[in-house]
Amino acid sequence: ALARGFYLEDRTTKDLDFAEAAPSESAVDAIVFAMQSSGFLARQFFQRQETRELATVRFTLGETPTKLDLLFSTSGIEALAVSTATRREVDAGFEVPVVALPHYIAMKLIAGRPQDMNDVALLLPRATAKQRALIGQLLSQTQDFRREKAQRMWAIAQDLEREYAPDLIEMPRAPKKRR
(Lines give C-alpha, C1' and ligand atoms only; values in the text may rest on other atoms or scores of the structure.)
Protein backbone atom coordinates (compact mmCIF):
# COMPACT_ATOMS: atom_id res chain seq x y z
CA ALA A 1 0.00 0.00 0.00
CA LEU A 2 2.85 2.40 0.76
CA ALA A 3 4.60 1.64 -2.54
CA ARG A 4 1.28 1.94 -4.38
CA GLY A 5 0.76 5.33 -2.76
CA PHE A 6 4.13 6.54 -4.07
CA TYR A 7 3.50 5.43 -7.63
CA LEU A 8 -0.25 6.12 -7.89
CA GLU A 9 -2.35 8.96 -6.53
CA ASP A 10 -5.07 7.01 -4.76
CA ARG A 11 -4.62 4.38 -2.08
CA THR A 12 -7.37 1.78 -1.94
CA THR A 13 -5.84 -0.73 0.46
CA LYS A 14 -5.55 -0.38 4.20
CA ASP A 15 -2.84 -2.92 4.84
CA LEU A 16 0.90 -2.51 5.02
CA ASP A 17 3.21 -4.99 3.32
CA PHE A 18 6.86 -5.30 4.30
CA ALA A 19 9.25 -7.55 2.42
CA GLU A 20 11.81 -9.24 4.62
CA ALA A 21 15.13 -10.61 3.41
CA ALA A 22 15.44 -13.31 6.06
CA PRO A 23 18.38 -15.64 5.34
CA SER A 24 16.98 -18.68 7.15
CA GLU A 25 13.91 -20.19 8.82
CA SER A 26 15.42 -19.40 12.23
CA ALA A 27 15.74 -15.73 11.18
CA VAL A 28 12.07 -15.78 10.14
CA ASP A 29 11.14 -17.25 13.53
CA ALA A 30 13.16 -14.55 15.31
CA ILE A 31 11.43 -11.78 13.34
CA VAL A 32 7.96 -13.18 14.05
CA PHE A 33 8.82 -13.56 17.74
CA ALA A 34 10.14 -9.97 17.89
CA MET A 35 6.94 -8.68 16.27
CA GLN A 36 4.80 -10.57 18.79
CA SER A 37 6.97 -9.34 21.66
CA SER A 38 6.34 -5.78 20.45
CA GLY A 39 2.57 -6.13 20.73
CA PHE A 40 1.69 -7.35 17.24
CA LEU A 41 -0.66 -10.31 17.03
CA ALA A 42 0.10 -12.96 14.41
CA ARG A 43 -3.34 -13.60 12.90
CA GLN A 44 -2.59 -15.73 9.85
CA PHE A 45 0.30 -17.73 8.48
CA PHE A 46 0.61 -18.52 4.77
CA GLN A 47 3.02 -21.02 3.31
CA ARG A 48 4.01 -21.96 -0.22
CA GLN A 49 1.96 -24.95 -1.26
CA GLU A 50 4.81 -26.38 -3.31
CA THR A 51 7.63 -26.07 -0.76
CA ARG A 52 5.81 -25.61 2.55
CA GLU A 53 8.09 -22.66 3.36
CA LEU A 54 6.60 -19.79 5.34
CA ALA A 55 5.64 -17.12 2.80
CA THR A 56 3.72 -14.45 4.71
CA VAL A 57 2.67 -13.69 8.27
CA ARG A 58 -0.29 -11.34 8.75
CA PHE A 59 -0.26 -9.27 11.93
CA THR A 60 -2.51 -6.74 13.56
CA LEU A 61 -1.46 -4.31 16.25
CA GLY A 62 -3.72 -5.32 19.09
CA GLU A 63 -7.32 -5.33 17.96
CA THR A 64 -6.94 -2.62 15.29
CA PRO A 65 -8.28 -3.58 11.87
CA THR A 66 -5.11 -2.46 10.04
CA LYS A 67 -3.18 -5.45 8.79
CA LEU A 68 0.58 -5.66 8.49
CA ASP A 69 1.94 -8.44 6.29
CA LEU A 70 5.55 -9.59 6.46
CA LEU A 71 6.49 -11.12 3.12
CA PHE A 72 9.27 -13.67 3.41
CA SER A 73 8.90 -15.77 0.25
CA THR A 74 5.59 -14.77 -1.26
CA SER A 75 7.11 -13.74 -4.59
CA GLY A 76 10.57 -15.24 -4.35
CA ILE A 77 12.23 -11.88 -5.08
CA GLU A 78 11.85 -10.32 -1.61
CA ALA A 79 15.60 -10.23 -0.89
CA LEU A 80 16.29 -8.48 -4.20
CA ALA A 81 13.39 -6.07 -3.66
CA VAL A 82 14.72 -5.19 -0.20
CA SER A 83 18.28 -4.69 -1.45
CA THR A 84 17.19 -2.30 -4.22
CA ALA A 85 14.57 -0.33 -2.27
CA THR A 86 15.04 3.44 -2.07
CA ARG A 87 14.25 5.60 0.92
CA ARG A 88 11.21 7.83 0.51
CA GLU A 89 9.83 10.46 2.85
CA VAL A 90 6.36 9.56 4.19
CA ASP A 91 6.15 12.37 6.73
CA ALA A 92 8.29 15.36 7.60
CA GLY A 93 11.67 13.86 8.46
CA PHE A 94 10.43 10.24 8.45
CA GLU A 95 11.66 8.00 5.65
CA VAL A 96 10.97 4.37 4.82
CA PRO A 97 12.48 2.08 2.17
CA VAL A 98 10.09 1.63 -0.77
CA VAL A 99 10.39 -1.12 -3.33
CA ALA A 100 11.53 0.00 -6.80
CA LEU A 101 8.80 0.16 -9.45
CA PRO A 102 10.01 -2.82 -11.54
CA HIS A 103 10.26 -5.03 -8.46
CA TYR A 104 6.85 -3.86 -7.26
CA ILE A 105 5.24 -4.67 -10.61
CA ALA A 106 7.01 -8.05 -10.72
CA MET A 107 5.75 -8.90 -7.22
CA LYS A 108 2.22 -7.94 -8.27
CA LEU A 109 2.48 -10.14 -11.39
CA ILE A 110 3.73 -13.06 -9.33
CA ALA A 111 0.77 -12.70 -6.95
CA GLY A 112 -1.56 -12.42 -9.95
CA ARG A 113 -4.76 -11.73 -8.01
CA PRO A 114 -7.40 -9.50 -9.65
CA GLN A 115 -6.50 -6.47 -7.48
CA ASP A 116 -2.81 -6.98 -8.22
CA MET A 117 -3.53 -7.06 -11.95
CA ASN A 118 -5.58 -3.85 -11.62
CA ASP A 119 -2.58 -2.26 -9.91
CA VAL A 120 -0.28 -3.50 -12.69
CA ALA A 121 -2.55 -1.92 -15.30
CA LEU A 122 -2.22 1.42 -13.48
CA LEU A 123 1.51 1.10 -12.79
CA LEU A 124 2.71 -0.18 -16.15
CA PRO A 125 2.35 3.12 -18.04
CA ARG A 126 4.73 4.68 -15.49
CA ALA A 127 7.49 2.16 -16.25
CA THR A 128 10.26 3.09 -18.65
CA ALA A 129 11.52 0.70 -21.35
CA LYS A 130 14.52 -0.11 -19.14
CA GLN A 131 12.25 -0.84 -16.17
CA ARG A 132 10.04 -3.07 -18.34
CA ALA A 133 13.07 -5.06 -19.43
CA LEU A 134 14.03 -5.47 -15.77
CA ILE A 135 10.52 -6.76 -14.98
CA GLY A 136 11.01 -9.51 -17.56
CA GLN A 137 14.42 -10.37 -16.07
CA LEU A 138 13.00 -10.50 -12.55
CA LEU A 139 10.23 -12.85 -13.63
CA SER A 140 12.71 -15.15 -15.35
CA GLN A 141 14.66 -15.41 -12.05
CA THR A 142 11.71 -16.65 -10.01
CA GLN A 143 11.34 -20.27 -9.05
CA ASP A 144 9.78 -22.63 -11.62
CA PHE A 145 6.39 -22.90 -9.94
CA ARG A 146 6.05 -19.10 -9.87
CA ARG A 147 7.72 -18.28 -13.19
CA GLU A 148 5.13 -19.73 -15.55
CA LYS A 149 2.17 -17.98 -13.90
CA ALA A 150 4.03 -14.67 -13.55
CA GLN A 151 5.18 -14.68 -17.17
CA ARG A 152 1.63 -15.47 -18.29
CA MET A 153 0.34 -12.54 -16.21
CA TRP A 154 3.07 -10.30 -17.70
CA ALA A 155 1.98 -11.21 -21.23
CA ILE A 156 -1.66 -10.51 -20.33
CA ALA A 157 -0.76 -7.13 -18.78
CA GLN A 158 1.19 -6.07 -21.87
CA ASP A 159 -1.57 -7.25 -24.21
CA LEU A 160 -4.18 -5.33 -22.23
CA GLU A 161 -2.03 -2.22 -22.24
CA ARG A 162 -1.76 -2.39 -26.04
CA GLU A 163 -5.48 -3.15 -26.41
CA TYR A 164 -6.55 -0.21 -24.26
CA ALA A 165 -3.94 2.24 -25.50
CA PRO A 166 -5.62 5.49 -26.49
CA ASP A 167 -6.14 5.91 -30.21
CA LEU A 168 -6.04 9.69 -29.92
CA ILE A 169 -3.09 11.67 -28.67
CA GLU A 170 -2.78 15.38 -28.11
CA MET A 171 -0.92 17.23 -30.82
CA PRO A 172 1.92 19.51 -29.80
CA ARG A 173 0.96 23.12 -30.15
CA ALA A 174 2.68 25.18 -32.77
CA PRO A 175 4.63 28.12 -31.38
CA LYS A 176 2.89 31.46 -31.74
CA LYS A 177 4.17 33.62 -34.56
CA ARG A 178 5.59 36.98 -33.62
CA ARG A 179 4.39 40.05 -35.48
Side-chain angles (χ1 to χ4, degrees), residues 1-22 46 48 55-59 65-175:
L2 286 174
R4 188 180 193 286
F6 280 107
Y7 297 114
L8 301 171
E9 289 75 29
D10 66 335
R11 182 173 178 252
T12 58
T13 60
K14 294 183 180 176
D15 66 329
L16 300 171
D17 295 337
F18 291 92
E20 284 287 338
F46 300 91
R48 298 253 34 111
T56 301
V57 179
R58 177 163 291 154
F59 293 92
T66 300
K67 295 177 291 193
L68 182 144
D69 291 345
L70 288 185
L71 312 175
F72 295 103
S73 68
T74 302
S75 67
I77 61 170
E78 284 82 4
L80 188 55
V82 168
S83 70
T84 58
T86 56
R87 298 193 68 77
R88 302 280 183 106
E89 189 171 41
V90 294
D91 202 6
F94 182 69
E95 293 182 346
V96 296
V98 176
V99 66
L101 183 61
H103 298 78
Y104 185 51
I105 292 173
M107 293 172 88
K108 291 280 188 181
L109 289 164
I110 292 166
R113 297 168 303 211
Q115 181 58 48
D116 294 310
M117 294 307 290
N118 287 338
D119 289 344
V120 168
L122 295 170
L123 293 163
L124 200 51
R126 299 170 189 277
T128 64
K130 187 176 179 179
Q131 289 173 322
R132 288 167 185 255
L134 180 55
I135 293 166
Q137 290 172 11
L138 290 167
L139 296 178
S140 69
Q141 294 173 20
T142 59
Q143 295 172 353
D144 289 341
F145 57 88
R146 295 180 184 123
R147 185 180 311 126
E148 184 180 328
K149 175 186 171 189
Q151 289 176 331
R152 195 170 55 249
M153 293 297 164
W154 180 225
I156 290 168
Q158 293 175 93
D159 286 345
L160 286 173
E161 183 182 38
R162 283 188 289 274
E163 185 175 330
Y164 291 107
D167 58 346
L168 299 176
I169 58 171
E170 186 175 350
M171 290 179 54
R173 294 179 185 227

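Computed from a predicted structure; not experimentally measured.
- Among all heavy-atom pairs drawn from Ala157 and Leu109, the shortest one is CB-CD2, 4.3 Å.
- Residues Met107 and Leu71 are in side-chain contact: their nearest non-hydrogen atoms beyond the backbone lie under 4.5 Å apart.
- One N or O on the side chain of Arg147 and one on the backbone of Ser140 form a donor-acceptor pair closer than 3.5 Å.
- Asp119 CG to Gln115 CD: the interatomic distance, rounded to the nearest 0.5 Å, is 4.5 Å.
- Taking NE2 of His103 as the start and CD1 of Ile135 as the end, the distance is 10.0 Å to the nearest 0.5 Å.
- Considering every non-hydrogen atom in both Glu78 and Glu20, the closest pair reads CB-O, 3.8 Å.
- The line from CD1 of Ile77 to CD1 of Ile110 is 4.5 Å long, rounded to the nearest 0.5 Å.
- Closest approach of Ala21 and Ala79 over heavy atoms only: CB-CA, 3.7 Å.
- If you take CD1 on Ile105 and CZ on Arg132, they are separated by 7.5 Å, rounding to the nearest 0.5 Å.
- Scanning all heavy atoms of the two residues, the minimum distance from Met117 to Gly112 falls at CG-O, 4.1 Å.
- Listed for the Lys149 side chain is a donor-acceptor partner under 3.5 Å among the backbone atoms of Ala111.
- In this structure, OG1 on Thr86 lies 9.5 Å from CD on Glu95, to the nearest 0.5 angstrom.
- Side-chain contact between Leu80 and Gln141 is present, with at least one heavy-atom pair separated by less than 4.5 Å.
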Apply side chain to side chain contact (heavy atoms under 4.5 Å, CB included) to the pair Leu124 and Trp154, showing each step before the final yes or no. CA-CA 10 Å; Leu124 200 51; Trp154 180 225; 3.5 Å; yes

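- Shortest non-hydrogen contact noted between Arg113 and Asp116 is NE-OD2, 2.5 Å.
- To the nearest 0.5 Å, the span separating OG1 on Thr56 from CG on Asp17 amounts to 8.0 Å.
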